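Reading through the structure tokens given below for one structure.
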Amino acid sequence: MTTELSTGCIDLMARTTDPSQSVPPEEAICQILSIKKIAATNPQAGDRYRIILSDGVHFAQAMLASQLKHIVETGAIDRNSVVRINQYAANNVQGRRILILLGLDSLGPPLTERIGAPVNWEQSQQNGGANGAAGGAASRPANGAAPKPEAGASNGKPALGGAKPAGTKPLSRGPSMANGAPIYPIEGLSPYQNKWTIKARVTSKSDIKHWSNQRGEGKLFSVNLLDESGEIKATGFNDAVDKFYHLLQENKVFYISKARVNIAKKQFSNLNNEYEIAFENSTEIEECLDATDVPEVKYTFVPIDQLDGVEPNQTCDVIGVVDSIGESNEIISKASQKPITKRELNMADQSGMSVKLTLWGKTAETFDASLDKPIIAFKGVKVSDFGGRSLSMFSSSTMMINPDIPEAHGLRGWYDNEGAGAAGNFKTFAGSGLGGLGAGGGNAGSNMSERRTIAQAKEEGLGMSGEKPDYFNMRATVVYIKQENLSYPACPSQNCNKKVQQEDDGSWRCEKCDATYPAPEYRYILAANVSDHTDAMWLSGFNDIGELLIGMTATELEKIKAESETEFASVLHKATNKMFMFNIRAKQDSFNDMTRVRYTVTKATPVDWAASANELADAIKAQL
Ligand SMILES: [Zn+2]
């Protein structure tokens, strides 16, 4: 293996502003001085690695592109490894020049020590920065460190030194070309470079969305793009919609150039890229017919019978035979108060189970209902716990009808031979035991218990729509527990719970069981006032909720009360100032001609602080 580094290449690479002028790999042999793991702030993003790279004269900060992290994790590179940089980008990140390493090869096991006495490239810029871009810095011995001017020459290759000023060298190897333009990996895009072309596959395309506000009207659409380095979202406004909406088709590969790179608005995207693309008037898009090197959409299918192992609100990929296609109909969205078209599909797979999946908007309107038992692969659909488990498309979800993939052929074979016999009679997910399930069957994919603040629950009028209850969940603190009528004496026989009356002889009688007992079992009928940062509300809860909130059985508490009212009040006081996640059923209640909404706790769990903080961090990050 070589132990000779490409002296001066760090300087040349760090100065690269035009990807077509990259330093060729054979002249970019560097040593890794350190590797540091940067823990992901977003759990979906995964960890990344910061690397300090040396060419023997200079060292500089570099980030390993996320798709390369396996080479650290498998031990292929380590501290003091000598590597060849095959592809890179130089970006300005928060005022610093950072090399993004997009491709590299290890040239053997790590050395025992570092080569030379490299100095910080960034500092050498500040100290003698007047050298300009003509490669002067590289040829200048840095702070007395001995450069190795003949290092490359002894390999039969010219040393870099100052002989090849950055920016004038013609491309030898490196990025591939499309119509003469250099192809740039998505991961290397940044607002600091404007000469680039990407070659990417459209993995999803939105509908055309219209808006109108005080400043005028407009329309937009967006696509998600994929290449082997990563993913990025691209959006076109107005004229760009007319120009590109029909050209860009899902699953096809395109050359895209001369568009703007902006900071991503993450609240409108499900990708982790820091940046996104906006198509401009000058943007050029051309379909690419040689797409073999661009990855296809990768599916990680979850068999239908395993969907109950996926948490509600997560996304997953699902493939199935469409057993039945519902009618499309228009509903008013509760949150936006706007009409939206929906259509439900029933999908089944070899597991013998079926699940409902809801299509929305244009996808629902234009779905070809005449298809005969199509196989559909869905990417990134939302899992909900309505009806046990059901699915719903997001705007970023994709749907491929009769895709040419092995899983689809397997399903087709199964369905035509066995599955069709069970058509319409597949097993379904049972409801989770709460009332009102399956009623109407028209809510596949919507979570029974979406998170609300107290103010939202009231503003949206949850529970006020008549007979049908609404479900939501919320995080709130118990402020007060009502002392009166906190529990009642119940029949102690199993599954009865009927209120019992004390007889003259002191025994307790249950009408239903027609029996008397020496003592009743007290059960909670809790009324608690809870509060969050928006408002307060009264909740009612039955025995299990009371036991959780108060921390003892109602019978135990009744005993305390009989002994000391003070101690009883103290127990209830201790139960306040605690935060819980509440699942709530909201339903109208009529009493003495008064109609009001009653909020009943169906489930309460103590707050998982770590999970809750991560959730908040994600919500905050979506605003950044
Ligand atoms: Zn009874």
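Note that the structure is a prediction, hence the values are computed from the model and not measured.
Checking Y49 against E73 by side-chain atom types alone, a donor-acceptor pair falls below 3.5 Å. S390 and S384 share a donor-acceptor pair across their side chains, judged by distance under 3.5 Å alone. Between the side chains of W360 and S392, a donor-acceptor pair is found at a separation under 3.5 Å.
Counting all heavy atoms, side chain and backbone alike, I115 lies closest to L111 at CD1-CD1, 3.7 Å. Scanning both residues, V607 and S612, for their nearest heavy atoms gives CG1-OG, 3.7 Å. In plain terms, the two heavy atoms of D55 and G8 that are nearest each other are OD2-N, 2.9 Å.
Classification of D105 and R84 as a salt-bridged pair holds, one side-chain N sitting under 4.0 Å from a carboxylate O. A salt bridge links D11 and R15; the closest N-O separation between the charged side-chain nitrogens and carboxylate oxygens is under 4.0 Å.
Each ring pair (Phe, Tyr, Trp, His ring centres under 6.0 Å) pair with one or both residues in residues 73-92, not counting sequence neighbours, would appear here, but there are none.
Counting heavy atoms from C-beta outward, L359 and L345 have side chains that approach closer than 4.5 Å.
For the pair K205 and Y245, the cation-pi criterion (under 6.0 Å, within 45° of the ring axis) is fulfilled.
When the salt bridge (Lys or Arg N to Asp or Glu O under 4.0 Å) test is applied to K209, no partner is found at least two apart in sequence or on another chain. Among residues two or more places apart in sequence or in another chain, the ring pair (Phe, Tyr, Trp, His ring centres under 6.0 Å) test is passed with F59 by none.
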Passes salt bridge (Lys or Arg N to Asp or Glu O under 4.0 Å), D416 versus R412? Steps please. CA-CA 6 Å; D416 291 347; R412 176 56 67 207; 3.6 Å; yes
